[in-house]
Amino acid sequence: MEKRGQFTSKFGFIMASIGSAIGLGNLWGFPYKAGMSGGFAFILVYLIFVALVGFPLMICEFAIGRKAKSNQIYAYKKLNKKFAFVGITGTIAVFLILGFYSVLGGWVVNYTVKYATSIFSSANAISAPEEYFNSFVSNEAVALIFLIIFMVLTVIIVIGGIENGIEKSSKIMMPVLFFFLVIVIIRSVTLPGAEKGLEFLFKPDFSKLTPSTMGMALSQMFFSLSLGAGAMITYGSYLSNDDNIQSSSIIVPLLDTLAAILAGIAIFPAVFALGLEPTQGPSLMFITLPAIFNQMHMGNLFGFVFFALVLFASLSSSIALLEIASSFFMEHFKLKRKVIIPIIAAIITVLGIPVALGFGVLGDVKVMGMGFLDLYDFIGEYVLMTFGALATAFLIGWVVKPKEVIDEMEQGGKFKFVGKKYFSFTIKFIAPILIFIVMVMSVTSVF
Ligand code: PHE
């Protein structure tokens with residue numbers, strides 16, 4: 001078997017974890033959900049969830065991973081044999097999530113290339129956004145080709161291993177992402193009429209805080225922080241015992257949340273300044289935004305900057321997803337990276353085919369009333385990740401006890417875990433109870 005990889009620096013580890021966390025969930029899910037669900041009221045609830053549930057769970061995942069130094073299925077098994085299934089559900093979640101993520105990633109590649117090749121052209125890169133989007137997603141060959149291109153990009157990075165693939169690429173992609181985000185924000189908020197967008201995003205409306213929007217905030221938080229599917233366990237397993245995990249578990253949720261809020265500030269002022277409607281889902285990113293770039297001076301350049309940043313965000317998440325999906329198989333069957341990564345990627349690409357075709361030939365196929373994209377998202381994100389987070393909180397809070405994690409954090413006194421008491425209390429009482437309530441709410445809201 002190959003030597004187990006390891007992150008070579010704390011900076012690299014943090015960049016990779018942030019890379020896993022910041023993705024389409026932040027750039028696209030969060031701003032829209034916040035705008036529609038009470039603005040600042042939603043953001044406030046989200047922040048409270050991050051502090052009470054996300055932060056302690058992030059500590060758990062990093063610690064579980066580093067202690068076990070193995071894939072998530074083995075890691076849960078080592079803590080308690082009966083909990084190995086949490087690693088299994090996490091792995092299944094990751095297959096489904098990457099199944100739809102790679103389709104969306106493929107679209108992003110398409111748009112990035114389109115804008116990149118039009119930077120110096122005076123004509124708009126995508127002059128009729130709605131027709132462009134509809135015709136390319138419903139063209140089966142194109143939809144599949146871009147799915148494959150995105151997956152190949154992901155494979156190339158992950159095959160490079162932890163140090164040379166994931167760590168190196170994240171160290172470049174994350175700083176560039178934040179830099180590009182700032183450029184887009186400056187452009188967006190300086191457009192005349194931008195205030196209305198900021199109002200949409202931030203104006204607090206507490207009447208919109210219903211049980212269902214709170215449920216949405218919690219599952220959005222799990223997805224955005226990549227919690228409950230073993231992502232941070234897997235990345236934590238490549239950490240050395242000389243690293244102090246405490247600061248990372250604060251920095252990662254903080255920067256992830258910052259990116260989500262910044263994404264809203266980048267997108268909505270422009271939407272409102274140009275008198276467009278804030279729409280949901282694919283059409284916001286792939287139809288509304290191109291329409292905005294069309295009306296902007298140097299729109300092709302801004303379009304390129306925007307889609308390049310979305311591409312980096314999606315790639316740094318998809319490499320995490322592919323690494324998590326493969327790590328069990330790599331270790332269990334003692335296979336080389338070069339062999340197993342392309343096999344797992346091929347299986348996930350096949351899983352992605354119905355999603356890719358779901359906007360064309362399979363457009364009318366519905367399972368439980370949902371198209372394939374929504375179906376994968378529902379099972380992977382809402383059901384399995386929420387379940388994984390609940391089971392992990394219960395396992396650490398009540399079965400193995402918080403001390404196990406605290407000992408792993410402190411490494412026999414080498415490090416001081418300042419938030420010990422806070423951690424024990426939240427992981428034992430607050431997190432499991434909150435997650436349980438929300439899980440019941442989100443399941444019942446569908447039926
Ligand atoms: N956090 C990523 C996003 O916001 C998605 C993700 C989920 C990544 C689970 C890894 C694991 O888009």
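Indexing begins at 1, ligand by ligand and atom by atom, following the structure's order. Index from 1, following the sequence.
- In terms of N/O distances under 3.5 Å, ligand 1 is approached by Gly25.
- Taking a cut-off of under 4.0 Å to the non-hydrogen atoms of Ser226, the atoms of ligand 1 that pass are 1 (N), 6 (C), 8 (C), 9 (C), 10 (C), 11 (C).
- Distance CZ/Phe62 to CD1/Ile59: 9.5 Å, rounded to 0.5 Å.
- Within 6.0 Å of NZ in Lys203 there are 12 or fewer heavy atoms belonging to other residues, nucleotides or ligands.
- Residue Glu381 places no heavy atom under 4.0 Å from ligand 1.
- If you check the side chains of Thr392 and Tyr76, you find a donor sitting under 3.5 Å from an acceptor.
- Shown here is Lys171, whose NZ atom has more than 12 heavy atoms of other residues, nucleotides or ligands within 6.0 Å.
- Using a 4.5 Å cut-off on side-chain heavy atoms (C-beta onward), Tyr132 and Tyr111 make contact.
- Between Arg4 and Lys69 the shortest side-chain heavy-atom distance falls below 4.5 Å.
- Taking only nitrogen or oxygen atoms, main chain and side chain alike, Leu321 does not reach within less than 3.5 Å of ligand 1.
- The contact set between ligand 1 and Ser20, taken as ligand atoms under 4.0 Å from a residue heavy atom, comprises 1 (N), 2 (C), 8 (C), 10 (C).
- Using the six-membered ring where Trp is involved, Trp107 and Phe286 have ring planes that are perpendicular, over 60° apart on the 30 and 60° scheme.
- Under the 4.0 angstrom criterion for non-hydrogen atoms, Ala320 is not in contact with ligand 1.
- In summary, the atoms of ligand 1 found under 4.0 Å from a heavy atom of Met385, numbered by their order in the structure, are 9 (C).
- Applying the 4.0 Å criterion to heavy atoms of Ser317 picks out, from ligand 1, the atoms 2 (C).
- The proximity of Phe223 to ligand 1, defined as any non-hydrogen pair under 4.0 Å, involves the side chain as well as the backbone.
- For the residue pair Lys10 and Ser247, a side-chain donor N or O sits within less than 3.5 Å of a side-chain acceptor on the partner.
- Residues Glu167 and Ser9 have side chains that bring a donor and an acceptor to within less than 3.5 angstrom of each other.
- For a threshold of 3.5 Å applied to N or O pairs, the pair formed by Leu24 and ligand 1 contains at least one separation below that value.
- At a 3.5 angstrom cut-off on N or O pairs, Ala21 counts as close to ligand 1.
- Interface of Ser224 with ligand 1, defined as ligand atoms under 4.0 Å from a residue heavy atom, comprises 1 (N), 4 (O).
- Of all protein heavy atoms, the one closest to atom 12 (O) of ligand 1 is Tyr101 OH, 2.5 Å.
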